[in-house]
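Here the structure is laid out as structure tokens; the discussion comes afterwards.
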Amino acid sequence: MAANIKEFAEMESYFAPGHGSCSGCGFPMIVRTVLKAAGKNTVACIATGCLEVTTTQYPRSSWKIPCIHSLFENAGATISGVESAYRALKKQGKIKDNINFVAFAGDGGTYDIGLQSLSGMLERGHKAVFVLYDNGAYMNTGNQRSSGTPYAAKTSTTPVGSVLKGNMLFRKDIARIAAAHNIPYAAQAAVHDWQDLFEKAKKAFAADGPAFLNVLSPCQLNWGTKTDLAIEISRLAVNTKFWPLYEIENGVWKLSYKPQTPVPISEFLKHQKRFRHLLEPENKKYLEKMQAGIDREWGLLEKQCAGEKNGV
Amino acid sequence: MSGKKVALTGAHAAAEAMKQINPDVVPVYPITPQTPIIEKFCYFKAEGQVDAEVVLAESEHSVMSISVGASAAGARVMTASASQGISLMNEVLSVASGMRLPIIMTVVNRSISSPLNIHCDQCSTMNVRDLGWIQLFAENPQEAYDFTIIATKLAEAINMPVMVCQDGFITSHCVEMLEIIDDKKVKGFVGKYNPKEHLLDTSRPLTFGAWQLPNTYMETKIEQQEAINRALKEYPKVAKAFAKITGRNYAFVEKYKTNDADAIMVATCSTAGTVKAVIDRMRKKKKKVGLLKIYMLRPFPKTEIAKALEKANAVCVLDRAINFGAEAPLYTEIKNALFESKKKPRVESRVFGLGGRDIFEEQIEAVFNSILSNQNKEKKGGNVYIK
Ligand SMILES: Cc1ncc(C[n+]2csc(CCOP(=O)(O)OP(=O)(O)O)c2C)c(N)n1
Ligand code: SF4
Ligand SMILES: [Mg+2]
């Protein structure tokens, strides 16, 4: 299953270049990798958001596979409908091929407004892969906070002021929420580790039921990073344990990668304007709170992954 | 006729038509008084009488989203809803019509909150009349059944979604005799649905739902307008073909003793039956009264409506709906239809039956007498209520 970089590069791409995302944006790499894992016989659904507006401006489209955009909050339901039609028409012999189904949505379209429709898709057992490209805010509308926005991040609705220091809430654990639907496969991945993402996507499409991928998607524009830093930022997110890589396969939790030497969160933050205030001495308590949150989550995850060996 | 006489509620009549059509995908969500439709359909599924993929959705927003996905994937899709359900799916209704997807939905007319009320009126149905769906209104179980079949053929002929509306409880829950057509004839009439373009054709990848800038958006909307208006040409053809197999003729409107009428009442759905009974009684007393029952509200058959009404002296439009801050919806439409007529009858409005309040024959007779004698000369438009 594992591909080397040469094979990977030579694989047919179903996501055309020439789309309108900002230079150095994370999601084109995610979409390309996931679609390479899915192959030609795949139908995609996209939620309203940066991915959609940068790839489907009439009369152009970046999608070399069939693709549907309906609304912001209904990617889960829309792909459920497409997949139901497939089952109905396949039964009648009208469709011969085996087809994969994938929905792409941002954090707003997943953690927030799209959560109900995602839950429906997972609970009903539609055989489709839901890919969350998580850039940590409502980017298409100009960087407003979502419930996937990291603690203390500055967004346009969580500005840094004299009283409030950015987003004062911790984000939901969306992969855990998805996994709690008892689906066969859920995983967290990041864009810099294309091999891990590719293999997770392969597993997701091969799963006997719904699958969920949460992929970190750097947004240079609103994270306030250099445009050539997406890969490095993504790597730092993982090495600082801000974004653990793991998978939950048939209820068994598994860490995909364990950073060798722990890197403090400030290493991840210092490249990003959205976190700049956290590095100021007077905001030390917020930085500590963020680090404590990360350590807590990591501890929980490690415990859960150890459970696998104990046969829990 | 080859039909079979059965006794069914309006809800079960709609479900029976859905069973005979045997669509590919049926997403469902319960809401009174629509629920018996989907319950019956789920029963047919459990008994193996339909092949449809029934999708037990988690909301009406998702019901319509699933419908859109399935229809874009080339499936024949049917569903049913009412009231808050229609309001919740509002956003997706315009996606269905904008993408030109021939989804069929039975709408059971029910009031909308607040206050909560589960009974019949047409507010939620009227609210969505401008979203690009064809709207057909059924008086009784027979028409609810017939229109479900007609709607399927019409929708697919012009790629437009259709709502078939019947009154909550009054029609949906009351048993009446109706004639159902033999299964084979229904299937033959609606034919197979084989759209030329759909999402599951991976050899021809298409993008559905692209966004458009001001330089093309307007053309798309104008095309959509032309497309829904195509129903004005297509519907008579479909109705004629339907009459051939059933003997039941459906025009855009039903004219009940309107030809020589001095006063005409305009109504939709179940109320039409009550008005007819009043007309029969008043005709015996030599009062020249008639009824214009609207079958199709969208697209609006303006010419037919104007023609049927313009010879009368007085017209009264019965609205089981209210437009806050404006005149009642059907009344507004009818006035609009008559605006260009040379001879304009006096048009009055009556708002009645909100939240399921009963309307009685005596009340309708009183309205007829009032408009015949022109008692309300001073009342131009505005909201006049039958309480
Ligand atoms: C019902 C509804 N509410 C609000 C919007 C406005 N809206 C469009 S895209 C978007 C943000 C999308 O955020 P996210 O899902 O995180 O994707 P991103 O743009 O960050 O890639 C919003 C708020 C909408 N289209 N529909
Ligand atoms: S705003 Fe951010 S997420 Fe959107 S296209 Fe630009 S870099 Fe990508
Ligand atoms: Mg986002």
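Heavy atoms closer than 4.5 Å to chain A are found nowhere in Met64(B), neither backbone nor side chain. Of the atoms belonging to Ala57(B), heavy atoms from both backbone and side chain fall under 4.5 Å from chain A.
Listed options Val92(B), Val63(B), Val77(B) were ranked by heavy-atom pairs under 4.5 angstrom with chain A; first place goes to Val92(B). Contacts with chain A were tallied for Val55(B), Leu200(B), Val95(B); Leu200(B) has the most, counting heavy-atom pairs under 4.5 Å. Per-residue heavy-atom pair counts under 4.5 Å with chain B were compared for Ile95(A), Ile79(A), Ile65(A), Ile68(A), and the maximum is reached by Ile68(A). Your options are Leu199(B), Leu206(B), Val25(B), and the one with the most heavy-atom pairs under 4.5 Å with chain A is Leu199(B).
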Interchain donor-acceptor contacts below 3.5 Å (chain B, chain A):
{"from": "Asp24(B)", "atom 1": "OD1", "to": "Gln92(A)", "atom 2": "NE2", "distance (Å)": "2.7"}
{"from": "Asp51(B)", "atom 1": "O", "to": "Lys91(A)", "atom 2": "NZ", "distance (Å)": "3.0"}
{"from": "Glu53(B)", "atom 1": "OE1", "to": "Arg87(A)", "atom 2": "NH1", "distance (Å)": "2.6"}
{"from": "Glu53(B)", "atom 1": "OE2", "to": "Lys91(A)", "atom 2": "NZ", "distance (Å)": "3.1"}
{"from": "Glu58(B)", "atom 1": "OE1", "to": "Arg124(A)", "atom 2": "NH1", "distance (Å)": "2.9"}
{"from": "Ser59(B)", "atom 1": "OG", "to": "Gln116(A)", "atom 2": "NE2", "distance (Å)": "3.1"}
{"from": "His61(B)", "atom 1": "NE2", "to": "Glu73(A)", "atom 2": "OE2", "distance (Å)": "3.3"}
{"from": "Ser65(B)", "atom 1": "OG", "to": "Asn74(A)", "atom 2": "ND2", "distance (Å)": "2.9"}
{"from": "Tyr193(B)", "atom 1": "O", "to": "Lys94(A)", "atom 2": "NZ", "distance (Å)": "3.1"}
{"from": "Asn194(B)", "atom 1": "OD1", "to": "Lys94(A)", "atom 2": "NZ", "distance (Å)": "3.2"}
{"from": "Thr202(B)", "atom 1": "OG1", "to": "Asn41(A)", "atom 2": "OD1", "distance (Å)": "2.8"}
{"from": "Leu206(B)", "atom 1": "O", "to": "Cys67(A)", "atom 2": "N", "distance (Å)": "3.0"}
{"from": "Thr207(B)", "atom 1": "OG1", "to": "Ser61(A)", "atom 2": "OG", "distance (Å)": "2.5"}
{"from": "Phe208(B)", "atom 1": "N", "to": "Cys67(A)", "atom 2": "O", "distance (Å)": "2.7"}
{"from": "Phe208(B)", "atom 1": "O", "to": "His69(A)", "atom 2": "N", "distance (Å)": "2.9"}
{"from": "Gly209(B)", "atom 1": "O", "to": "His69(A)", "atom 2": "ND1", "distance (Å)": "3.0"}
{"from": "Trp211(B)", "atom 1": "N", "to": "Thr56(A)", "atom 2": "O", "distance (Å)": "3.0"}
{"from": "Trp211(B)", "atom 1": "O", "to": "Tyr58(A)", "atom 2": "N", "distance (Å)": "2.9"}
{"from": "Trp211(B)", "atom 1": "NE1", "to": "Val53(A)", "atom 2": "O", "distance (Å)": "2.9"}

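The shortest non-hydrogen separation linking Ala70(B) to Ala85(A) is O-CB, 3.6 Å.
In terms of the side-chain hydrogen bond (donor to acceptor under 3.5 Å, both in side chains) criterion, residue partners of Lys19(B) (sequence neighbours excluded) are, by chain and number, Glu16(B).
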